[in-house]
Amino acid sequence: MPKSCPLTALHSLQFPMQLPSFSGSPVTSRSYSAILRCPPRPLIFLTVVALSVTFIYFSATPILFNERTKNQWNGTAPVVIPSVHPLETVDLGNEEVRLTRVLKEAAMEDKTVILTTLNAAWASTDSIFDLFLESFQIGNDTRWLLDHLVIIAFDKKAYMRCKAMHPHCFALATMGVDFSGEKHFMSDGYLKMMWRRIDFLRVVLEMGYNFIFTDADVMWFRNPFPQFFPDGDFQIACDRFFGNHLNLNNTANGGFNFVKSNNRTIEFYKFWYSSRDKHPGHHDQDVLNSIKFDPFVDEIGLKMRFLSTAFFGGLCEPSRNFSVVCTMHANCCVGLNRKFNDLRLMLEDWRRYMALPPALKNSRLPFWRVPQNCSLAPLQHHMTGFKGRIDGAQLTPYKLKVLNTSNFNAN
């Protein structure tokens, strides 16, 4: 009788039928089971060797990628390649949930955030958006403020650029409206974008958040909070400032403002937005400079404060003192290319100031070389009969509305 083999899984195999042998005579299930019960040891050894060699061969052989697979790997780690646009993965219908999340992540302890808006025309590489972020990096006590900055993207390209550059981005969808291109001053697209912004800011206030709103063409050189009025509800920068922060004749500029969340400011933003119907064809800044005289503002008890251009300057009326300036705005300027060139020069002037010895920083030596490309001289022929000086420091967007030009981007 053959020597028995150790018990293996092969013992459980059963073949109730007869199986043919190579000699032509049938092999019974009993005899076949005997063959399986005691396989030859050389066969087992050869099988193990063959499997081992095969495993070693494939382990040592490099993986060859074709054009499709090599784009899905980075070294040895798999990379997920999105099949759809990043913005299309965002549930745009659940705006409140998304906004709550991004505001909570970016807010300071007192629920204050910094907001700016961005579209594709301002978001390309080497654009105003880059200069905007750079100003926070080189400003005096401003870098930490980037942690509290939320960028509101009006279109897909702006959202993608934001996600590549900054942690706090919010996609603001407006059905049926394309905000991606450059919106020339007073064009239909420009007006829709400005009013969409006002309505959005009202929502932020209703959610209980204070905010600094800043245009992306505002350069941040110092922490602005020490210059805000403790009792102000609505505080806004000016194209022209006449020396008194309570004077309603100060020409407000909507490109920079600090607003506290309370019932007064919420009602004011509702009133501001609804006033667009009474002022068709006007943008939010024009309407603001009109409704600030309305008795309704006093009725709701809104405490409006105008910020001095000594601290919050611009090309309309530059801040002359480098030792106190907080922000500089490329207002009163024609076209994005001119804005970009003057803003870049503005940052160079700031670096030059920061490199001065302490003894010279408080002297009269530092000065702005702007406006330069932003000179409004090319528009003089539009201003026949206009009373007053026509230059970058005097002509304001509020006055320029009479030009009704489609190629003016003043804010």
Sub-3.5 Å donor-acceptor pair from the side chain of Asn289 to the main-chain atoms of Asp286, do we have one? no

By side chain to side chain donor-acceptor pair (under 3.5 Å), which residues pair with Arg101, not counting sequence neighbours? none

Given 3.5 Å as the limit, does a donor-acceptor pair link the side chain of Ser319 with the main chain of Gly313, or not? no

Is the count of non-hydrogen atoms from other residues, nucleotides or ligands lying under 6.0 Å from Lys104 atom NZ greater than 12? no

CG of Leu118 to NE2 of His166: how many Å apart, nearest 0.5 Å? 11.0 Å

Derivation of the side-chain contact (heavy atoms from CB on, under 4.5 Å) call for Arg352 and Asp349: CA-CA 5 Å; Arg352 183 180 60 175; Asp349 291 343; 3.7 Å; yes

Set of side chain to side chain donor-acceptor pair (under 3.5 Å) partners for Asp294, sequence neighbours left out: none

For the pair Tyr269 and Phe211, name the ring-plane relationship: parallel under 30°, tilted 30 to 60°, perpendicular over 60°. perpendicular

For Cys238 and Leu307, which heavy atoms make the closest approach, and how far apart are they? SG-O, 3.7 Å

What verdict does the side-chain contact (heavy atoms from CB on, under 4.5 Å) test give for Arg305 and Asp231, after you've listed the backbone C-alpha separation in whole Å, the side-chain angles of each residue and the deciding distance to 0.1 Å? CA-CA 9 Å; Arg305 302 291 183 263; Asp231 63 339; 3.2 Å; yes

Short side-chain to backbone donor-acceptor contact, Asn210 and Phe258, under 3.5 Å: no

Smallest heavy-atom separation, Leu360 atom then Pro366 atom, equals O-CD, 4.0 Å

Close side-chain approach of Lys270 to Ser274, heavy-atom, < 4.5 Å: no

Enter the distance from Tyr273:OH to Leu201:CG here, rounded to the nearest 0.5 Å. 12.0 Å

Suppose we screen for salt bridge (charged side-chain N to carboxylate O under 4.0 Å, His left out). Which residues come up paired with Glu348, at least two apart in sequence or across chains? Arg369

Closest heavy-atom pair and its distance - Cys169, Tyr159: CB-CE1, 4.1 Å

Who pairs with Glu105 by side chain to side chain donor-acceptor pair (under 3.5 Å), at least two apart in sequence or on another chain? none

Could you tell me whether a side-chain N or O of Asp130 sits under 3.5 Å from a main-chain N or O of Ser127, the two making a donor and an acceptor? yes

For Cys333 and Cys374, is the interatomic SG distance under 2.5 angstrom? yes

Heavy-atom nearest pair, Glu95 first then Phe170, reads CG-CZ, 3.5 Å

Indicate yes or no: does Lys303 engage Asp298 in a salt bridge with an N to O separation below 4.0 Å. no

Would you say the side chain of Pro224 lies within less than 4.5 Å of the side chain of Ile212, judging by non-hydrogen atoms? yes

May I ask you to check whether Phe221 and Trp368 place their ring centres under 6.0 Å from each other? yes

Side-chain contact, heavy-atom cut-off 4.5 Å: Leu343 with Met219? yes

Salt bridge Arg197-Asp215, side-chain N to carboxylate O under 4.0 Å: yes

Please examine the side chains of Thr214 and Leu115, heavy atoms only from C-beta on, and report whether any two atoms are closer than 4.5 Å. no

Could you check whether any side-chain heavy atom of Val218 comes within less than 4.5 Å of a side-chain heavy atom of Phe312, counting everything from C-beta outward? no

As a quick check of understanding, evaluate side-chain contact (heavy atoms from CB on, under 4.5 Å) for Asn373 and Phe340, giving each step before the final call. CA-CA 9 Å; Asn373 292 312; Phe340 178 81; over 6 Å; no

Asn253 (side chain) donor-acceptor with Ala237 (main chain) under 3.5 angstrom: no

Show me the pairs that pass salt bridge (Lys or Arg N to Asp or Glu O under 4.0 Å) and involve residues 114-123, at least two apart or across chains. none

So, taking the atom named CG in Leu336 and the one named CD1 in Ile128, what distance separates them when rounded to the nearest 0.5 Å? 5.0 Å

Is there a donor-acceptor pair under 3.5 Å between the side chain of Asp342 and the backbone N or O of Gln372? yes

Phe242 side chain near Asn244 side chain, heavy-atom distance below 4.5 Å: no

State yes or no: are the ring centers of Trp220 and Phe256 separated by less than 6.0 Å? yes

Please check if the side chain of His168 supplies one atom and the backbone of Asp147 the other of a donor-acceptor pair under 3.5 Å. yes

Answer yes if the side chains of Thr251 and Asp239 hold a donor-acceptor pair under 3.5 Å, and no otherwise. no

Cationic N near anionic O, under 4.0 Å, Asp284 to Arg276: no

All side chain to side chain donor-acceptor pair (under 3.5 Å) counterparts of Asp126, not counting sequence neighbours: none

Approximate separation, where rounding is to 0.5 Å, of Leu347 CG and Met328 CE: 10.5 Å

Salt-bridge test for Asp233 and Lys260: reply yes if a basic N is under 4.0 Å from a carboxylate O, no otherwise. no

Taking the side chain as every heavy atom from C-beta outward, state whether Val325 and Asn140 have any pair of such atoms under 4.5 Å apart. no

Are side-chain N/O atoms of His329 and Asp217 paired as donor and acceptor at under 3.5 Å? yes

Could you tell me the separation between the CZ atom of Phe229 and the CZ atom of Phe306, rounded to the nearest 0.5 Å? 11.0 Å

What are the two closest non-hydrogen atoms of Ala158 and Ala120, and how far apart are they? CB-N, 4.0 Å

Do you see a donor-acceptor pair shorter than 3.5 Å between the side chains of Asn341 and Arg344? yes

To the nearest 0.5 Å, atom OG1 of Thr265 lies from atom CZ of Phe271 at 14.5 Å

Using atom types as modelled and distance alone, determine if a side-chain donor or acceptor of His282 lies under 3.5 Å from a backbone N or O of Pro280. yes

Asp141 (side chain) donor-acceptor with Asn223 (main chain) under 3.5 angstrom: no

Is any side-chain heavy atom of Ser323 closer than 4.5 Å to a side-chain heavy atom of Tyr353? yes

Where the side chain of Arg240 meets the backbone of Asn250, is there a donor-acceptor pair that is under 3.5 Å apart? no

Nearest heavy-atom pair of Phe241 and Glu317: which atoms, and what distance? N-OE2, 3.3 Å

side-chain contact (heavy atoms from CB on, under 4.5 Å) assessment of Phe136 paired with Arg143: CA-CA 5 Å; Phe136 284 88; Arg143 185 173 298 184; 5.8 Å; no

